[in-house]
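Right, one structure below, let's go through it.
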Amino acid sequence: QVQLVESGGGLVQAGGSLRLSCAASGSIFSINDMGWYRQAPGKQRELVARITSGGNTNYADSVKGRFTISRDNAKNTVSLQMSSLKPEDTAVYYCNAVISSIQNRVYTSNYWGQGTQVTVSS
């Protein structure tokens, strides 16, 4: 069993900061890409940031320069440091990871966390 659990969401004022964390646990053989997505009411889920196992990153244009994604391969965690938050950042944020399980090492599966709410007030 593989599970992703997010934490760190909450309510902040515009201009504030939050740090989201995601921990992968279970029968993990390896983790490839990890990332953060978000979904606002009435909108499709969109990529916020992603990071490869080697540390290469990509960001949505809307968050570049404000958000920083990082990972700790030893701890199987990925984090998203969010600064200069805007009301437009309000959404449910989901952790995503491409993982090979111990039971099936040669195949990868796409896993999602349960989501954590981020609300930015104006």
Side-chain angles (χ1 to χ4, degrees):
Q1 300 291 325
V2 175
Q3 183 175 328
L4 301 180
V5 179
E6 304 106 329
S7 62
L11 174 64
V12 298
Q13 289 187 311
S17 299
L18 279 176
R19 184 177 179 87
L20 305 182
S21 296
C22 173
S25 62
S27 56
I28 297 170
F29 177 71
S30 64
I31 303 178
N32 295 332
D33 289 4
M34 304 185 80
W36 289 93
Y37 292 71
R38 67 186 181 188
Q39 187 167 23
K43 301 292 185 180
Q44 294 189 32
R45 188 173 299 186
E46 65 174 352
L47 174 69
V48 177
R50 65 187 298 183
I51 184 168
T52 69
S53 60
N56 293 318
T57 60
N58 286 287
Y59 297 91
D61 289 341
S62 59
V63 307
K64 192 172 185 178
R66 300 187 297 119
F67 292 9
T68 301
I69 189 171
S70 61
R71 65 189 288 168
D72 187 331
N73 291 333
K75 296 181 179 180
N76 291 337
T77 60
V78 62
S79 298
L80 185 69
Q81 178 65 51
M82 305 185 294
S83 300
S84 301
L85 283 162
K86 305 174 181 179
E88 306 92 88
D89 296 318
T90 296
V92 177
Y93 284 70
Y94 296 90
C95 178
N96 172 259
V98 179
I99 295 174
S100 296
S101 70
I102 293 174
Q103 291 79 10
N104 202 0
R105 300 179 179 183
V106 299
Y107 299 104
T108 60
S109 296
N110 200 32
Y111 292 88
W112 293 91
Q114 81 286 351
T116 185
Q117 176 70 231
V118 172
T119 302
V120 184
S121 62
S122 60

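Please read these numbers as outputs of a predicted model, since none were measured by experiment.
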Please check this pair: side chain of R71 against backbone of I51, looking for a donor-acceptor N/O pair closer than 3.5 Å.
yes
Does any donor atom in the side chain of S79 or Q81 lie under 3.5 Å from an acceptor atom in the other side chain?
no
Would you say Y37's side chain and W112's backbone share a donor-acceptor pair under 3.5 angstrom?
no
Do F67 and L85 make a side-chain contact, defined as non-hydrogen atoms from C-beta onward lying under 4.5 Å apart?
yes
Of N110, L4, D33, N76, which meets side-chain contact (heavy atoms from CB on, under 4.5 Å) against I99?
L4
Report yes or no: do Y94 and V63 belong to one cluster of Ile/Leu/Val/Met/Phe/Trp/Tyr joined by side chain heavy-atom distances under 4.5 Å?
no
E46 side chain to R38 main-chain N or O, any donor-acceptor pair under 3.5 Å?
no
T90 side chain to V120 main-chain N or O, any donor-acceptor pair under 3.5 Å?
yes
Tell me whether T108 contacts the main-chain N or O of V98 through its side chain, where contact means a donor paired with an acceptor under 3.5 Å.
no
Can a donor-acceptor pair be found, under 3.5 Å and without considering hydrogens, that links the side chain of N96 to the backbone of Y111?
yes
Judged by modelled atom types alone, do S27 and Q103 share a side-chain donor-acceptor pair under 3.5 Å?
yes
Using the side-chain contact (heavy atoms from CB on, under 4.5 Å) rule, take R66 and D89 through it: C-alpha gap first, then chi angles, then the decisive distance, then the call.
CA-CA 11 Å; R66 300 187 297 119; D89 296 318; 2.8 Å; yes
Within the side chain of E6, is there an N or O that forms a donor-acceptor pair under 3.5 Å with the backbone of Q114?
yes
Donor-acceptor under 3.5 Å (N73 side chain, S53 main chain):
yes
Under 3.5 Å: donor-acceptor pair, side chain of S100, backbone of Y107
yes
